[in-house]
2 protein chains.
Amino acid sequence: MSHQPRPDLLRLDLQLCFTLHAASRAFGGVYRRVLRETELTYPQYLAMLVLWEHGEMPVKKLGEYLRLDSGTLSPLLKRMQTAGLVQRERSAQDERSVTVRLTAEGEALREKAQDIPLKVGEASGLDMEEMVDLRTRLQRLTATLDAALAEEADGA
Amino acid sequence: MSHQPRPDLLRLDLQLCFTLHAASRAFGGVYRRVLRETELTYPQYLAMLVLWEHGEMPVKKLGEYLRLDSGTLSPLLKRMQTAGLVQRERSAQDERSVTVRLTAEGEALREKAQDIPLKVGEASGLDMEEMVDLRTRLQRLTATLDAALAEEADGA
DNA sequence: TACCCTTTAGTTGTGCACAACTTAATTGTG
DNA sequence: CACAATTAAGTTGTGCACAACTAAAGGGTA
């Protein structure tokens with residue numbers, strides 16, 4: 001139980017939330033540069049990664065992977081469709097659902113994107129062990145924060 | 001030198017960038033809820049923290065603290081001015097510069113915001129040591145990523 | 001002094017995140 | 001079966017991030 005209200009904690013927390021914010025944007029900057037030739041934005045690239053790995057799926061499921069709702073995904077997918085990367089089709093089984101599918105062009109982009117993670121990995125200056133460790137901590141942190149949010153949503 | 005192009009590394013990197021993105025948004029969600037009664041957004045809160053701690057300063061300097069440019073800060077400060085939290089004034093010494101100053105209302109908000117870091121710290125489930133460690137790693141990561149970006153900007 | 005170059009804010013346009021809402025289809029229950 | 005509740009996707013509106021640009025002021029040098 002190390003949550004005593006020490007004044008130190010207050011400033012440190014400030015700096016953690018801020019550094020997390022800053023680190024995320026710094027990563028975004030690197031991806032933006034590396035992704036330039038693919039014409040993809042960073043969030044679009046994340047969506048492509050999911051589709052490359054898992055194949056076609058409903059918007060709903062894609063949102064679960066990406067932790068995004070339809071308010072973000074619908075316009076994003078519309079832009080990706082305009083760019084010719086994906087195709088959307090109402091499911092026959094469930095007319096509410098829309099299946100997102102890679103086009104041939106979207107599938108082909110996989111080749112061009114092959115070396116992106118390596119480039120970004122090099123820019124991060126982290127070795128494998130550090131990456132795994134940081135990833136694990138962040139996943140745990142996200143889960144805890146989400147749980148705290150959900151809990152308070154129920155309580156209130 | 002542990003940057004061999006192992007296939008493992010590629011997937012891990014994917015997950016690091018994504019988890020960072022997700023963690024940042026999860027933090028945003030917690031702040032959004034905790035900040036609700038202050039009428040501040042998360043980025044506005046960060047700006048207030050800088051002003052509470054360091055007092056009035058030019059937009060330029062605030063941007064250095066927050067790692068943001070005028071394209072983001074100008075409209076953000078305009079909204080904060082409309083909300084009555086800050087005041088902007090052209091510098092007499094250098095007519096290009098604009099000084100951002102807290103209003104009495106902005107200064108007063110400090111009281112209401114006093115317990116926010118503690119609430120968020122609790123929601124994060126981290127103890128002090130973990131926070132410091134994570135913060136340090138993220139600051140180092142951000143610095144490395146920024147350096148890689150700046151380097152390539154010069155090179156190209 | 002005249003000119004160029006830099007610096008500081010601000011504006012415009014695009015895309016993402018998210019809350020609140022709408023629409024349409026499905027499910028559950030009396 | 002009828003009808004309320006739920007679910008999936010989309011729409012609308014607000015705010016942030018960032019690139020590209022403009023406007024205006026300052027600084028340096030021929």
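Every chain is numbered from 1 and lettered A, B, ... according to where its sequence line falls, protein lines coming before strand lines.
- In this structure, Leu73(A) places its CG atom 11 Å from C1' of dG10(D), rounding to the nearest Å.
- Using modelled atom types, one finds no donor on one side chain facing an acceptor on the other under 3.5 Å when comparing Glu105(A) with Thr103(A).
- Looking at residues two or more places apart in sequence or on another chain, you find a salt bridge (Lys or Arg N to Asp or Glu O under 4.0 Å) between Arg137(B) and Asp133(A), Asp133(B).
- Regarding Arg25(B), its CZ atom lies at a distance of 14 Å from the P atom of dA17(D), rounded to whole Å.
- Within 4.0 Å (heavy atoms only), Leu68(A) reaches sugar-phosphate atoms of the nucleic acid but no base atom.
- A close approach under 4.0 Å does occur between a side-chain nitrogen or oxygen of Arg88(B) and OP1 or OP2 of dG10(C).
- Rounded to a whole Å, the CE atom of Met80(A) is 13 Å from the P atom of dG10(D).
- A salt bridge (charged side-chain N to carboxylate O under 4.0 Å, His left out) check over residues 110-120 of chain A, counting only residues at least two apart or in different chains, returns the pairs Glu107(A)-Arg110(A), Asp115(A)-Lys119(A).
- In this structure, the side chain of Ser70(A) does not engage the main chain of Leu73(A) through any donor-acceptor pair within 3.5 Å.
- Among the atoms of the strands shown, base atoms are found under 4.0 Å from some heavy atom of Ser74(A).
- Counting heavy atoms from C-beta on, the side chains of Met57(A) and Val50(A) come closer than 4.5 Å.
- Side chains of Val98(B) and Pro58(B) form no contact here, defined as non-hydrogen atoms less than 4.5 Å apart.
- At a threshold of 4.0 angstrom between heavy atoms, the contacts of Leu76(B) are confined to the sugar-phosphate backbone, with no base atom among them.
- Environment of CD in Glu39(B): sparse, with no more than 12 heavy atoms of neighbouring residues, nucleotides or ligands closer than 6.0 Å.
- Applying the salt bridge (charged side-chain N to carboxylate O under 4.0 Å, His left out) rule to pairs touching residues 15-30 of chain A yields nothing, sequence neighbours excluded.
- In the set dA9(D), dG10(C), dA17(D), dG10(C) carries the atom at the smallest distance from any side-chain atom of Arg90(B).
- Contact between the side-chain N/O atoms of Lys78(B) and the OP1/OP2 oxygens of dT11(C) is found at a separation under 4.0 Å.
- For Tyr45(A), the ring pair (Phe, Tyr, Trp, His ring centres under 6.0 Å) criterion is met by Tyr31(A), not counting sequence neighbours.
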Strictly under 4.0 angstrom, non-hydrogen atoms only: write out the protein contact profile of nucleotides 19-27 of chain C, one letter per nucleotide from the 5' end, B, S or -. S-----BS-
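- In this structure, OH of Tyr31(A) is placed 19 Å from C1' of dC18(D), rounded to the nearest angstrom.
- Only Pro58(B), Val59(B), Lys60(B), listed by number, bring a heavy atom of residues 38-65 of chain B to less than 4.0 angstrom from any atom of DNA chain C.
- Here dC18(C) presents its P atom at 15 Å from CZ of Phe27(B), a figure rounded to the nearest Å.
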